[in-house]
Amino acid sequence: MSTHLLTPRMAGVLERIRRAKRPAFHTLSAEQARAAYVAGAEVLDLPRARLDRVEDLRVPGADGTELAARRYWPVGTPRGTLLYLHGGGFTIGGLETHDSLCRQLALLSGAQVLALDYRLAPEHRFPTAVDDTWAALRWLREQGASLGFDSERLAVGGDSAGGTLAAVAAILSRDHGLPLRAQLLITPGTTAHADTATHKLFANGFLLDAVTIEWFFEQYIDRSQRSDWRFAPLNADSLDGVAPACLLLAECDPLCDEGLAYADRLRLAGVEVSLELYRGMTHDFIKMGRVLDEARHAQAAAGDALRRAFEP
């Protein structure tokens with residue numbers, strides 16, 4: 001087991017989590033897993049930052065269904081708008097689990113952030129989350145200005161499964177001529193079958209276990225569909241012309257290799273890429289700002305990348 005790669009503080013966090021003896025998500029129903037995730041999601045996050053304004057609203061999803069969303073104003077005059085997609089294996093997570101992170105992104109970037117409560121599996125399987133994301137992004141572009149969003153300077157971002165959705169949205173934006181300033185990909189999934197070396201190396205004991213990944217996949221998508229680039233954006237025919245990318249990856253994360261591979265594909269396509277690999281960190285580390293300096297550094301890097309993307 002490669003626990004020697006963890007920083008001492010990261011190892012301590014994992015030990016605390018083990019001692020808490022919370023049931024693994026794959027042993028629960030989707031509804032139980034969601035409740036468990038909400039209960040623990042912000043325990044290690046930074047306290048929710050004070051912003052000028054936070055507002056709940058509703059935006060149209062793929063089939064016109066109204067989806068919950070949350071809008072974050074930064075301190076001062078905002079510049080740019082980030083559509084943010086939360087992580088959680090397409091099955092768990094929502095506005096509450098990522099509220100602290102979205103506040104930090106608004107604070108550090110100077111942009112408005114719109115967090116989307118896209119529909120979750122297994123009630124809504126692939127490609128519903130993709131379609132909801134694309135509908136929300138189109139709505140921001142076409143209708144956002146009337147509600148005070150900066151619809152000319154748009155970016156898309158997310159963590160884990162949300163990073164997958166953000167990468168896919170950037171490709172769809174390229175295909176449909178919707179201009180994006182940036183894509184923010186935090187520990188994204190990009191491959192079809194969880195079969196890279198880091199999936200094997202960090203399969204157990206590094207927060208996101210192989211059995212949990214497979215459980216998420218089973219909730220979300222049929223095995224026969226997993227090569228679809230809307231699930232595995234590394235399979236896209238071309239990445240030419242997609243938005244500049246900021247990737248924030250964790251060394252001790254099963255998804256590390258596929259994040260690095262996606263960065264390489266983007267670079268080969270001539271896309272501007274900013275990549276930060278946080279040594280000794282696990283998946284989801286960016287939501288542990290109370291205890292990890294690396295989490296705060298990663299949030300600052302995301303904020304800086306967005307701030308630069310939204311200039312002038």
Side-chain angles (χ1 to χ4, degrees), residues 42 45-61 66-87 94-118 132-159 162-163 165-167 169-170 173 178-186 242-248 272 274 286-287 289 295-312:
E42 288 194 339
D45 255 318
L46 291 170
R48 294 185 175 188
R50 293 177 66 92
L51 298 175
D52 278 0
R53 189 174 167 193
V54 176
E55 174 190 32
D56 286 341
L57 67 158
R58 303 191 78 79
V59 303
E66 287 198 336
L67 305 176
R70 186 168 293 169
R71 180 182 191 176
Y72 301 86
W73 275 262
V75 176
T77 303
R79 173 177 288 179
T81 303
L82 171 70
L83 176 65
Y84 194 80
L85 297 318
H86 66 81
L95 300 182
E96 295 304 320
T97 60
H98 285 64
D99 188 85
S100 171
L101 179 57
C102 287
R103 286 170 185 260
Q104 290 297 324
L105 291 173
L107 189 69
L108 295 165
S109 70
Q112 285 191 56
V113 175
L114 181 67
L116 180 68
D117 204 10
Y118 58 87
D132 283 348
T133 297
W134 177 235
L137 191 56
R138 275 200 336 270
W139 175 83
L140 268 176
R141 177 64 178 176
E142 296 165 4
Q143 309 293 331
S146 65
L147 296 175
F149 287 103
D150 186 341
S151 60
E152 295 297 314
R153 288 177 285 198
L154 292 175
V156 66
D159 62 287
L165 294 173
S173 294
L178 191 157
L180 285 182
R181 292 290 187 96
Q183 52 180 316
L184 171 65
L185 310 180
I186 303 169
V242 300
C246 172
L247 284 94
L248 306 177
E272 180 184 342
S274 167
I286 199 167
K287 295 179 78 279
R296 297 188 291 276
H297 295 159
Q299 291 176 4
D304 288 345
L306 291 168
R307 192 178 292 274
R308 289 194 302 273
F310 290 135
E311 292 174 350

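Residues take their numbers from the sequence shown, with the count starting at 1.
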Item checked: Approximate separation, where rounding is to 0.5 Å, of Lys287 NZ and Glu42 CD -> 6.0 Å
Note to self: If you compare all heavy atoms of Leu46 against all heavy atoms of Ser100, which two are closest, and at what distance to 0.1 Å?
What the structure shows: O-OG, 2.7 Å
Check: For Trp134, which residues count as a ring-ring contact (aromatic ring centres under 6.0 Å, His included) partner, sequence neighbours excluded?
Finding: His176
Notebook entry, point to check: What pair of heavy atoms forms the shortest contact from Ala309 to Ala182, and how long is it?
Noted result: CB-CB, 3.7 Å
Notebook entry, point to check: Any side-chain heavy atom of Trp73 within less than 4.5 Å of one from Glu55?
Noted result: yes
Next item on the list: Can you measure from CD (Gln183) to CG (Leu83) and round to the nearest 0.5 angstrom?
Entry: 13.0 Å
Notebook entry, point to check: Which is it for Asp99 and Tyr72 under the side-chain contact (heavy atoms from CB on, under 4.5 Å) test, yes or no, and what are the steps along the way?
Noted result: CA-CA 9 Å; Asp99 188 85; Tyr72 301 86; 2.7 Å; yes
Margin query: When you measure from the side chain of Tyr84 to the backbone of Asp159, do you find a donor-acceptor pair of N or O atoms at a distance under 3.5 Å?
Written below: yes
Item checked: Criterion side-chain contact (heavy atoms from CB on, under 4.5 Å) on Asp304 and Leu108, from CA distance to verdict -> CA-CA 7 Å; Asp304 288 345; Leu108 295 165; over 6 Å; no
Checklist line | Any donor-acceptor pair under 3.5 Å from Thr81 side chain to Asp150 backbone | finding: yes
Note to self: Side chains of Leu137 and Ser173, heavy atoms from C-beta outward: is any pair under 4.5 Å?
What the structure shows: yes
Margin query: Please check: side-chain N/O of Gln299 versus main-chain N/O of Gly289, any donor-acceptor pairing under 3.5 Å?
Written below: no
Next item on the list: Verify the neighbour count for atom CD of Glu272: are there more than 12 heavy atoms of other residues, nucleotides or ligands below 6.0 Å?
Entry: no
Item checked: Gap separating the CZ atom of Arg181 from the CD atom of Glu152, nearest 0.5 angstrom -> 9.0 Å
Item checked: Arg103 side chain reached by Val54 side chain, heavy atoms, under 4.5 Å -> yes
Notebook entry, point to check: Do side-chain atoms of Arg141 reach the backbone of Ser151 as a donor and acceptor pair under 3.5 angstrom?
Noted result: yes
Notebook entry, point to check: Are any non-hydrogen side-chain atoms of Trp139 and Leu147 less than 4.5 angstrom apart?
Noted result: yes
Margin query: Using modelled atom types and a 3.5 Å cut-off, is there a donor and acceptor pairing between side-chain atoms of Arg79 and backbone atoms of Gly110?
Written below: no
Check: Any side-chain heavy-atom pair from Leu184 and Leu248 closer than 4.5 angstrom?
Finding: yes
Note to self: Looking at Arg48 and Glu96, is any side-chain nitrogen of the basic one under 4.0 Å from a carboxylate oxygen of the acidic one?
What the structure shows: yes
Checklist line | Check: Leu116 and Leu114 side chains under 4.5 Å, non-hydrogen atoms | finding: no
Check: Do Asp117 and Leu67 come close enough that some side-chain heavy atom pair is under 4.5 Å?
Finding: no
Note to self: I need the single residue from Asp132, Leu185, Leu85 that forms a side-chain contact (heavy atoms from CB on, under 4.5 Å) with Leu165. Which is it?
What the structure shows: Leu85
Item checked: Donor-acceptor under 3.5 Å (Tyr118 side chain, His86 main chain) -> yes
Next item on the list: Looking only at non-hydrogen atoms, find the nearest pair between Arg71 and Leu57 and report the distance.
Entry: CB-CD2, 3.7 Å
